[in-house]
Structures are given as structure tokens and as C-alpha cells.
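What follows is a set of notes on a single structure, which appears directly below.
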Amino acid sequence: MKAEDLQKMGVPHGKPTRLAQEFMARFRLKGGAVSALRSEVQAILDAPAQFLEDPLRSAFAKAMSGVSVFALGKSVPWKQWGSNLDEESVKQMERACQLPISVQGALMPDAHLGYGLPIGGVLGTEGAVIPYAVGVDIACRMKLSVVDIPVSDLQRKNDQLTRAIHAETRFGIGASFKKKRQHVVMDEDWEVSPVTRHLKDKAWSQLGTSGSGNHFVEFGTFELHEEIKGLMPGTYVALLSHSGSRGTGAQVCSRYSKLAMEAHPELPRSLRHLAWLDLNSEDGIEYWNAMELMGQYAAANHACIHHHILEHLGINLMLDVENHHNFAWKERHCIDGKERDLIVHRKGATPAGEGVLGIIPGSMAAPGFLVRGKGSTKSLHSASHGAGRVMSRKRAMKSLEWGPVNKQLKEKKITLMSAGLDEVPMVYKDIHQVMAAQSDLVETLGRFEPRIVKMAPHGERPED
């Protein structure tokens, strides 16, 4: 690990960093594994007094024993769904549940490492919001539209469907429309924050765009198992999209996460992304209002994408379902037999209250599911938001090739318009295993199979 990596973990500049590096060098000389270095350093940071007599670790431990370190409290209750989860994401969840503002947590079966709170992390707090527990892509959203064309059109009119997607949304960092889309969200109060006020015109130009990273627009078959909103069971064509609040949402996160860190200088670097804002403070109120606006904006993004694609093709809507993640909700939950008002952060987690409909996607070659929540109190009425990554983007770019991917897509009769190698099926968990691990959280009502897929072109920087 480099000096900056150590400092992010909470090792101060200067002598403590130098002693940490010397300890790591000796640890490696004695046969210690590189993969164990982070946990070794973290153990000393957590309890330096335990290592003062250890010949290998004492110098670094003594340097840290005199440093004022923020003391995490006793962990509040939290439960994990799924097995073989990324070890670091579990540790992130453990630390989040030891914050003085935390009340209850949950970790979904698609969990993987994030900033502060892991992706797939759910955290209930009292009177405070954590910007990084909401996430960078505020109110990232799923929307499913079932349409009135025959399933045979997916193949017969493939060219028309792909042209409609290409014409009616935009992918990539900074993607925008020269002619702005129209939606009532632009009539909302964009003065709620300096960020939203300054970036209103940019947000307007990006309205109806999809961005990059794991965001997509897809046509596919949709099999409905029971009647929903008047639509009878059967097999249909559906349009599915995934995107969020674009560049403006990211800037909201950036500004208020910095303000949260400034409000809590006592937090070591390893915990800085868990810094919170008091909801009675000016900054807390500002962030909350900006977050809510980004929620409306993300919904408007999807509304524009779906409306313009359907209008382009001259087809009609039969059923639509949508939900969002990367958000914080004010909810009332029963904790230890008492009703309490909580701020429930769902970072990469889907609301799954009793009877609540939601969409949980797989990958470009795996099904997604229409689900109905069961209202689990242990998960704070939450479920996974997808399959979850098993491979980092960097590793995917180094180790994967398009040949096997294209073969798999051809076998499944999937048309891939564009995507990055870091978003191919191999980088995701098995969605069927993820769904099985949360059968107590949601029930499956329908299944979406992708047939035409568009994502940001290969090489685009991710923004999810």
C-alpha cells in the first residue's frame, strides 16, 4: 500500500506512516501475504494497545497508541443476506452500524465494496443523513414499460427498435441533447441548493439521457405470472431502463459529503465517507431538499426516455413499474418493540415494503425480475437492487475478451448495440442465486429477458 492508502485508512502523515510502511516491509519479508496487509494495518489501528509488546508490530502500534482515534460504539443490530460476500463490504457494514447515529442495518445479497457504506447496504439512522450512504448517483432508478407489440417484433423489427433507442436517449459522460426535452420537473424549485441552482441548465440538457457505467436501455420479453394493474398473465414486449440523476446528482453528493466531513473532523480517514449531516442543520436541510429534487429529476429522466421511444415507434403503454435506490427515506419502523422515526439509506438496495412493486435486474445476458415486497422488518423493508459485481472494472478490462462474450450473447439471441467490457455478464453474480438468497424479502411476479441492449460505449468512464 502507498502512503495515501494508509492515510485513507486513518494513519497520520509523517512518522506513523513511515513506521507503518516499515512494518509492512518486515511483514512481507517474514512471508506475510500482500492480501493480508490491509487487515493487519486495520487491526493495529483498531486496537494499538494489543500490539505494544509484539516485536514485529510494536513500533507502529506505539506510534498509533498516542494518536487520538475516533472510538466506534457498540454495533446496532444488522443482518446479512447471501453468503460469500466480499469481506471488505461486510467490514464496511460493521463499521457503519457502530456510528453513534445508527439504529439498524442490513446487507443485501448483491453487496460489494463502496465508499463508506457498501453497495447493497441499508442503514437506518436517527436525525441525520450520510451523503455517501445515499451515493454519488442519487436516486438511480429502474423503469419497466410493457408495450402493445407482438413478441415476434423483437426479431422482425429489430432495426426499428434499435434505431428508436439510439435516437431517443444518449449514453456517456456529459451526454446531452441539443434540443432540450420538456418535463414539469424543470418547473420545480431549483434554488434549494447552490449546486442545483448553478447546474439547472446542464441538468435540463441532460434530461432524458442515460449516462455511463451500469446504466442501460433494453427491449426484451416480459413474462407476467399474475394479474398486475389490470394486465393479465402472459408474455409481452417490454422496455427496461436503468439510470439516475446524471452529473447534477454527482455534484450534489460531492458538495455535501465534503461539508459532512468538515462537520466531523474527529472521524479518521477510514471513516470519513460515513460523515453525516444533522437534519436540523442548514447544510442537512439543503442536502435533503437537493436529494429530493434529484429523485424527481431521475424519475423525469426515465419518463422522457420511455415516452420518446414509445412515441418514436408509435406504440402504446400497457403497464409501467418503477423504483429507485441510492436514496434516503423518512420512514417509521418498529425497533425492539417501539415505533421510531428513521432515515433509511438504501445504497444500491430496493424498497421492498409489504406489497411494494419493484424491479431487480440481472445483466445484459441474464433475466431481471418484477417483484413484490414482503415487508421484512430485519431488512428495513429492503431487497437487492441487482445481481452485484464479482469482478472490479479494472480486472475485467485486463482479463476479459470480447470473443467469449459475443458468443454467449449470440447463443442467447441478444443484440448488443454498445457496452463496455467492464459490464459484460461475467462481472456479475448469478442473479438466480441472489434471488434465492432473498426469497424472504420479495416474491417474483414476472421475468424480463433482455433481447436488445444499449449501454455506454467501451472506454467510457463509469459514473454509477
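As a basis for the values below, the full set of heavy atoms in this structure was taken, side chains included, without hydrogen atoms, waters or symmetry mates. A quick note: this is a predicted structure, and the numbers were derived from the prediction, not measured.
- Residue Asn84 qualifies as open at atom CG: its count of foreign heavy atoms under 6.0 Å is 12 or below.
- The pair Lys330-Asp341 fails the salt-bridge criterion, with no side-chain N (NZ, NE, NH1 or NH2) lying under 4.0 Å from an Asp/Glu carboxylate O.
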Under 3.5 Å donor-acceptor pairs involving side-chain atoms of residues 349-364, not counting sequence neighbours:
unit_1: Thr350; atom_1: OG1; unit_2: Ser384; atom_2: O; d: 2.9
unit_1: Ser363; atom_1: OG; unit_2: Ala365; atom_2: N; d: 3.3
unit_1: Ser363; atom_1: OG; unit_2: Ala366; atom_2: N; d: 3.4

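- Of all heavy-atom pairs spanning Lys200 and Met186, the tightest one is NZ-O, 3.2 Å.
- No salt bridge links Glu262 with Arg272; every basic N to acidic carboxylate O contact stays at or beyond 4.0 Å.
- Side-chain N or O atoms of Glu126 include none that pairs as donor or acceptor with a backbone N or O of Ile101 at under 3.5 Å.
- Atom NZ of Lys157 and atom CD1 of Ile452 lie 12.0 Å apart (nearest 0.5 Å).
- Side-chain contact check for Val442 versus Phe369: every heavy-atom pair is 4.5 Å or farther apart.
- Side chains of Ser241 and His306: a donor-acceptor N/O pair is present below 3.5 angstrom, by distance only.
- The distance from atom SG of Cys253 to atom CE of Met291, rounded to the nearest 0.5 Å, is 12.0 Å.
- Annotation: the span from Leu370 atom CG to Glu226 atom CD amounts to 9.0 Å, rounded to 0.5 Å.
- Of the inter-residue distances, the one linking Leu313 atom CG with His308 atom NE2 reads 13.0 Å to the nearest 0.5 angstrom.
- Salt bridge annotation for Arg346-Glu331: present, with a cationic side-chain nitrogen under 4.0 angstrom from a carboxylate oxygen.
- Using a 4.5 Å cut-off on side-chain heavy atoms (C-beta onward), Val122 and Trp78 make no contact.
- Counting non-hydrogen atoms of neighbouring residues, nucleotides and ligands closer than 6.0 angstrom, the CG atom of Asp187 exceeds 12 such neighbours.
- Within 6.0 Å of the NZ atom in Lys407, the count of heavy atoms belonging to other residues, nucleotides or ligands does not exceed 12.
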- request: Decide yes or no on side chain to side chain contact (heavy atoms under 4.5 Å, CB included) for Gln438 and Val434, but give the supporting numbers first.
  value: CA-CA 7 Å; Gln438 58 183 348; Val434 171; 3.9 Å; yes
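- Judged purely by distance below 3.5 Å, without hydrogens or angles, the side chains of Lys180 and Ser205 never pair a donor atom with an acceptor atom.
- In terms of modelled atom types and a separation under 3.5 Å, the side chain of His302 and the main chain of Arg141 share a donor-acceptor contact.
- Remark: the Asp148 side chain and the Asn316 side chain contain an N/O donor-acceptor pair separated by less than 3.5 Å.
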- request: Report the C-alpha distance between Arg38 and Glu88 in whole Å, list the side-chain angles of each, state the deciding distance to 0.1 Å, and finish with yes or no for side chain to side chain contact (heavy atoms under 4.5 Å, CB included).
  value: CA-CA 10 Å; Arg38 180 174 291 273; Glu88 289 300 318; 4.1 Å; yes
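- A 6.0 Å sphere centred on CZ of Arg395 holds no more than 12 heavy atoms belonging to other residues, nucleotides or ligands.
- When atom types are taken as modelled, the side chain of His183 and the backbone of Val185 share a donor-acceptor pair closer than 3.5 angstrom.
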Criterion side chain to side chain contact (heavy atoms under 4.5 Å, CB included) on Met93 and Gln80, from CA distance to verdict: CA-CA 9 Å; Met93 195 71 231; Gln80 170 185 321; over 6 Å; no
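- Remark: Phe448 pairs with no residue by the ring pair (Phe, Tyr, Trp, His ring centres under 6.0 Å) rule, at least two apart or across chains.
- The minimum heavy-atom distance between Ala139 and Ala298, with the atom names listed, is O-CB, 3.3 Å.
- Judged by a 6.0 Å distance limit and a 45° cone about the ring axis, Arg447 is not positioned over the six-membered ring of Phe222.
- In this structure, the side chains of Ile119 and Asp110 stay at 4.5 Å or more apart for every pair of heavy atoms.
- For the pair Asn301 (side chain) and Gly244 (backbone), a donor-acceptor distance under 3.5 Å is present.
- Listed for the His198 side chain is no donor-acceptor partner under 3.5 Å among the backbone atoms of Val195.
- With respect to the salt-bridge test (charged N to carboxylate O, under 4.0 angstrom), the residues Lys91 and Glu87 qualify.
- Side-chain atoms of Ile130 and His345, non-hydrogen and from C-beta on, do get closer than 4.5 Å to each other.
- Under a cut-off of 6.0 angstrom, the local environment of CZ in Arg461 is sparse, with at most 12 non-hydrogen atoms contributed by other residues, nucleotides or ligands.
- With a 4.5 Å cut-off on side-chain heavy atoms, Val237 and Asp153 do not count as touching.
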- prompt: side chain to side chain contact (heavy atoms under 4.5 Å, CB included) between Ser102 and Leu123: does it pass, once the steps are laid out?
  reply: CA-CA 7 Å; Ser102 296; Leu123 187 67; 3.8 Å; yes
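- Side-chain atoms of Lys229 come within 3.5 Å of backbone N or O of Asp320 as a donor-acceptor pair.
- Remark: Met435 CE to Leu441 CG distance equals 9.5 Å, nearest 0.5 Å.
- Listed here is the closest heavy atom pair of His242 and Cys140: NE2-SG, 3.1 Å.
- At a cut-off of 3.5 Å, with distance as the only test, no side-chain donor of Tyr115 or Ser257 sits close to an acceptor on the other residue.
- Side-chain contact check for Lys412 versus Glu449: every heavy-atom pair is 4.5 Å or farther apart.
- Of all heavy-atom pairs spanning Met261 and Tyr132, the tightest one is CE-CE1, 4.1 Å.
- Here the closest non-hydrogen pair linking Phe216 and Met455 is CB-CG, 3.7 Å.
- Using bins of under 30°, 30° to 60° and over 60° for the plane-to-plane angle, the ring pair Trp402/His458 lands in the perpendicular bin.
- In Glu401, the CD atom is not crowded: 12 or fewer heavy atoms of neighbouring residues, nucleotides or ligands sit closer than 6.0 Å.
- In this structure a side-chain-to-backbone donor-acceptor pair under 3.5 Å is present from Glu460 to Ile173.
- Shortest non-hydrogen contact noted between Ile228 and Leu319 is O-CD1, 4.0 Å.
- Below 30°, between 30° and 60°, or above 60°: for Tyr297 and Trp190 the angle between ring planes is above 60°, a perpendicular geometry.
- Between Leu400 and Val427 there is a side-chain heavy-atom pair separated by less than 4.5 Å.
- With rounding to the nearest 0.5 angstrom, the CG atom of Leu409 is 5.5 Å from the CG atom of Leu416.
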query: Are His312 and His166 close enough, and set up right, to give a ring pair (Phe, Tyr, Trp, His ring centres under 6.0 Å), and what steps lead you there?
result: CA-CA 11 Å; His312 182 110; His166 181 75; over 10 Å; no
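- Although no hydrogens or angles enter the test, the distance criterion places a donor-acceptor pair under 3.5 Å between the side chain of Gln104 and the main chain of Thr377.
- Using a 30° and 60° split on the angle between ring planes, Trp329 and His324 fall in the tilted class, from 30° to 60°.
- Looking at heavy atoms from C-beta onward, Glu168 lies out of side-chain contact with His307 at the 4.5 angstrom threshold.
- Formation of a donor-acceptor pair under 3.5 Å by the Lys347 side chain with backbone atoms of Gly116 is not found in this model.
- Between Arg451 and Glu218 there is no salt bridge, since no side-chain N of the basic residue sits under 4.0 Å from a carboxylate O of the acidic one.
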